[in-house]
Amino acid sequence: MIERAAPVKQFRPVYWSLSPVLSLSFTTMMLSRFSGSLTRSSRSLLYSSQRYASTKTLRETLQDVIPAKQEQLKKLKTEHAQTVVGDIKVENIIGGMRGLKSMLWEASVLDPNEGIRFHGLTIPDCQKVLPPAPGGKEMTAESMLWLLMTGQIPSAEQSRQLSQELASKGQLPAFIEQLIDSLPQTLHPMTQLGIGVAALNHDSSFQSAYEKGMKKSEYWTHTYEDCINLLARLPALAARIYRNVYHPGKEIPAIDKDLDLVGNYTNLLGFGGNKNLTEYLRLYIALHGDHEGGNASAHTSHLVGSTLADPYLAYSAALYALAGPLHGLANQEVLRWQQAMQKELGDNVTHDQIKEYLWKTLKSGQVVPGYGHGVLRQADPRFIALQEFCESRPELMASSTIQLVKKTYEVAPDVLKEHGKTKNPYPNVDATSGCVLYHYGLTEYKYYTVIFGVSRALGAITQLVWSRALGLPLERPKSLSMDALEKLIKSS
Ligand SMILES: CC(=O)SCCNC(=O)CCNC(=O)[C@H](O)C(C)(C)COP(=O)(O)OP(=O)(O)OC[C@H]1O[C@@H](n2cnc3c(N)ncnc32)[C@H](O)[C@@H]1OP(=O)(O)O
Ligand SMILES: O=C([O-])CC(=O)C(=O)O
């Protein structure tokens with residue numbers, strides 16, 4: 001019988017304080033939040049998960065749920081292999097495959113209007129049911145990982161045991177420390193993270209078992225072992241990069257076996273006493289964990305993993321996709337852009353001044369960072385959850401950086417609509433994520449995407465394990481030259 005340790009939160013009526021423009025776009029989410037209840041599908045998922053969850057470990061729970069998923073895939077293959085679920089237009093081929101339903105991804109599905117659901121659960125659902133760390137309120141990375149991997153809600157005790165397992169495996173090998181210490185301070189933190197993650201494959205269980213001729217049925221177990229070790233080591237790796245680049249020479253504390261993953265990460269970064277930042281990072285890391293499979297980082301991990309490259313190599317590749325300014329790097333770009341605006345216009349910026357600055361950005365041919373999305377057509381519910389976090393803390397609401405975020409989203413959607421290009425004029429998660437870090441003292445914005453990189457591992461490793469458990473094949477779509485495409489158009 002599962003214990004649901006996560007306290008049910010009271011939702012704060014943050015939306016009413018947003019501009020009319022955004023309030024409209026938030027309607028769907030507001031309705032589900034203010035109803036104070038879980039949707040029917042998520043409620044039934046929770047009830048079924050309560051039946052199934054137990055005192056088992058994550059690995060044991062996963063092992064239990066794999067056969068049913070394997071059976072589901074077998075049925076899809078045998079009964080529906082030829083069923084048509086969509087068609088391909090030329091615009092999909094030349095438009096970055098936008099909208100093509102063409103890959104399997106188990107843990108989450110993104111609806112253009114409603115946003116992300118993790119195994120059917122919305123963000124507010126997750127905030128209600130996923131266990132927080134002892135003494136904290138925000139869901140932990142461990143409880144989100146559990147949900148993503150198994151579709152079940154862990155008890156507080158299961159989540160705590162996973163924290164202990166991760167802490168016990170979190171120490172970096174000495175050669176990785178030396179490797180990271182040898183990199184120039186001027187090398188972007190994301191480049192350093194990718195290097196460190198790739199080099200961790202020195203100890204890959206998957207690679208070594210593959211060389212010894214392991215059977216296909218054993219792929220997932222070695223992948224799982226690598227994935228857990230990778231996640232466990234990410235805080236120490238990411239924190240070492242931060243310390244080397246921004247605070248060299250200061251001693252890094254040891255991993256604390258009693259802390260959750262994010263508690264340790266904050267401690268290693270040197271912000272151990274900063275409870276607000278730790279709680280914010282718990283929320284941040286849980287929320288950024290997964291965003292279905294088509295986003296550039298998740299898709300890269302999936303593609304590289306499909307070659308049976310080990311999880312370290314697959315995730316290292318994913319990090320370099322995350323490091324692009326149209327994807328994860330946008331959270332650094334938002335802060336850079338906002339600071340440039342503040343520098344030019346001063347602290348008490350008016351809505352009209354922001355409007356003018358937005359037009360200046362657009363007319364110079366740049367994108368407005370933190371706005372628009374490849375799939376979403378409404379404001380990102382992750383943005384809303386982070387805004388809600390801000391609204392609940394007076395110190396954040398008093399911050400000029402946070403106020404600027406708020407004022408910007410009060411005018412940007414109308415400007416972007418008038419500009420007329422972007423299909424989604426509303427804020428995405430990056431519009432606000434970095435500003436809170438900045439307020440709580442983590443001011444080095446070139447580091448921000450590294451935090452995203454620690455988080456995105458949750459979803460990427462989940463799918464790597466499932467891809468191997470389900471025996472998914474090498475990913476290899478068909479490409480066409482423009483000549484070949486024209487020929488096809490003529491003949492069709
Ligand atoms: C965690 C994440 O990865 S969330 C996304 C983070 N990225 C950003 O915030 C960067 C700013 N946003 C963007 O560049 C885009 O909205 C993307 C990359 C997120 C999505 O791109 P697309 O799916 O191609 O968006 P869309 O179909 O709306 O683009 C149509 C046009 O609007 C433009 N556009 C889209 N968003 C913006 C924006 N924020 N500012 C200015 N122009 C934009 C596109 O550049 C494109 O112009 P083009 O026709 O001249 O090439
Ligand atoms: O879904 C996308 O394309 C981008 C995004 O928001 C994410 O990966 O978190």
Side-chain angles (χ1 to χ4, degrees), residues 91-92 94-100 103 105 107-118 123 144 148 190 284-302 318-338 357-386 405 408-409 411-435 448-460 462-463:
E91 71 174 9
N92 303 128
I94 59 183
M97 297 190 276
R98 216 64 92 252
L100 272 193
M103 67 187 287
W105 192 267
S108 67
V109 178
L110 182 63
D111 179 85
N113 295 309
E114 192 194 45
I116 196 69
R117 277 179 184 261
F118 308 102
I123 289 169
M144 178 53 86
L148 294 177
M190 276 305 277
Y284 178 119
I285 285 178
L287 289 189
H288 286 72
D290 201 34
H291 215 232
E292 73 170 27
N295 69 76
S297 50
H299 188 191
T300 304
S301 166
H302 187 65
L319 286 165
Y320 291 123
L322 194 67
L326 296 187
H327 189 21
L329 205 81
N331 64 23
Q332 117 173 10
E333 291 303 288
V334 167
L335 207 79
R336 198 163 63 85
W337 180 77
Q338 290 221 316
Y357 197 84
L358 282 158
W359 276 114
K360 197 172 110 177
T361 304
L362 290 167
K363 282 179 182 159
S364 67
Q366 296 167 57
V367 295
V368 176
Y371 286 78
H373 199 271
V375 177
L376 285 167
R377 292 297 173 257
Q378 297 287 350
D380 188 337
R382 297 171 299 178
F383 171 84
I384 295 170
L386 296 185
V405 173
T408 304
Y409 71 60
V411 294
D414 275 347
V415 171
L416 284 164
K417 278 183 201 167
E418 199 181 329
H419 183 241
K421 271 193 167 187
T422 174
K423 295 189 185 73
N424 172 21
Y426 300 110
N428 61 57
V429 70
D430 293 326
T432 190
S433 56
C435 302
Y448 291 176
T449 313
V450 170
I451 300 173
F452 197 161
V454 172
S455 166
R456 187 46 56 93
L458 300 175
T462 294
Q463 185 58 38

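Only heavy atoms go into these numbers, but all of them, side chains included; no hydrogens, no water, no symmetry mates. Ligands are counted one by one from 1 in listed order, and the atoms in each one are counted from 1 as well.
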Atom 4 (C) of ligand 2: which protein heavy atom is closest, and how many Å away?
His373 NE2, 3.3 Å
Quick check on the 6.0 Å ring-centre criterion: do Phe383 and Tyr409 meet it?
yes
Does any non-hydrogen side-chain atom of Ser433 lie less than 4.5 Å from one of His288?
yes
When only distance counts, is Ser297 in polar contact with ligand 2, meaning an N/O pair under 3.5 Å?
no
Flag, side chain of Asn428 to backbone of Gly372, donor-acceptor distance under 3.5 Å:
yes
Note, Asp430 side chain near Tyr448 side chain (heavy atom, < 4.5 Å)
no
Mind checking side chain to side chain donor-acceptor pair (under 3.5 Å) for His327 and listing every partner two or more places apart, or none if nothing turns up?
Ser297
More than 12 heavy atoms from other groups under 6.0 Å of CE on Met103:
yes
Tell me: protein heavy atom nearest atom 1 (O) of ligand 2, and distance?
His291 ND1, 2.8 Å
At a non-hydrogen distance cut-off of under 4.0 Å, which region of Glu292 contacts ligand 2 (side chain, backbone, both, or neither)?
neither
Location of contacts on Arg382 toward ligand 2, heavy atoms closer than 4.0 Å:
side chain
Which residue and heavy atom of the protein sit nearest atom 3 (O) of ligand 2, plus the separation
Asn295 CB, 3.4 Å
Quick one: table the atom pairs, ligand 1 N or O against protein N or O, below 3.5 Å, distance rounded to 0.1 Å.
from     : atom 1 : to     : atom 2 : distance (Å)
ligand 1 : 3 (O)  : His327 : ND1    : 2.7
ligand 1 : 7 (N)  : Leu326 : O      : 2.8
ligand 1 : 9 (O)  : Gly370 : N      : 2.8
ligand 1 : 9 (O)  : Asn428 : ND2    : 3.0
ligand 1 : 12 (N) : Tyr371 : O      : 2.8
ligand 1 : 16 (O) : His373 : N      : 3.4
ligand 1 : 23 (O) : Arg98  : NE     : 2.9
ligand 1 : 23 (O) : Arg98  : NH2    : 3.2
ligand 1 : 24 (O) : Arg98  : NH2    : 3.1
ligand 1 : 27 (O) : Lys423 : NZ     : 2.8
ligand 1 : 28 (O) : Thr422 : OG1    : 3.4
ligand 1 : 28 (O) : Lys423 : N      : 2.7
ligand 1 : 32 (O) : Thr422 : N      : 3.3
ligand 1 : 36 (N) : Thr422 : OG1    : 3.4
ligand 1 : 39 (N) : Val368 : O      : 2.9
ligand 1 : 39 (N) : Tyr371 : O      : 2.8
ligand 1 : 40 (N) : Val368 : N      : 2.9
ligand 1 : 50 (O) : Lys421 : NZ     : 2.7

Using a heavy-atom cut-off of under 4.0 Å, does the side chain or the backbone of His288 touch ligand 2, or both, or neither?
neither
With His291 via side chain to side chain donor-acceptor pair (under 3.5 Å) - residues at least two apart:
Arg382
Which residue pairs satisfy the salt bridge (Lys or Arg N to Asp or Glu O under 4.0 Å) criterion with at least one member in residues 357-367, sequence neighbours excluded?
Glu344-Lys360
Exam field: side chain Ser108 to backbone Phe118, donor-acceptor pair closer than 3.5 Å
no
Would you name the heavy atoms of His302 and Trp105 that are closest together and state the gap between them?
CB-CZ3, 4.0 Å
Short N or O distance, Arg456 and ligand 2, threshold 3.5 Å exclusive
yes
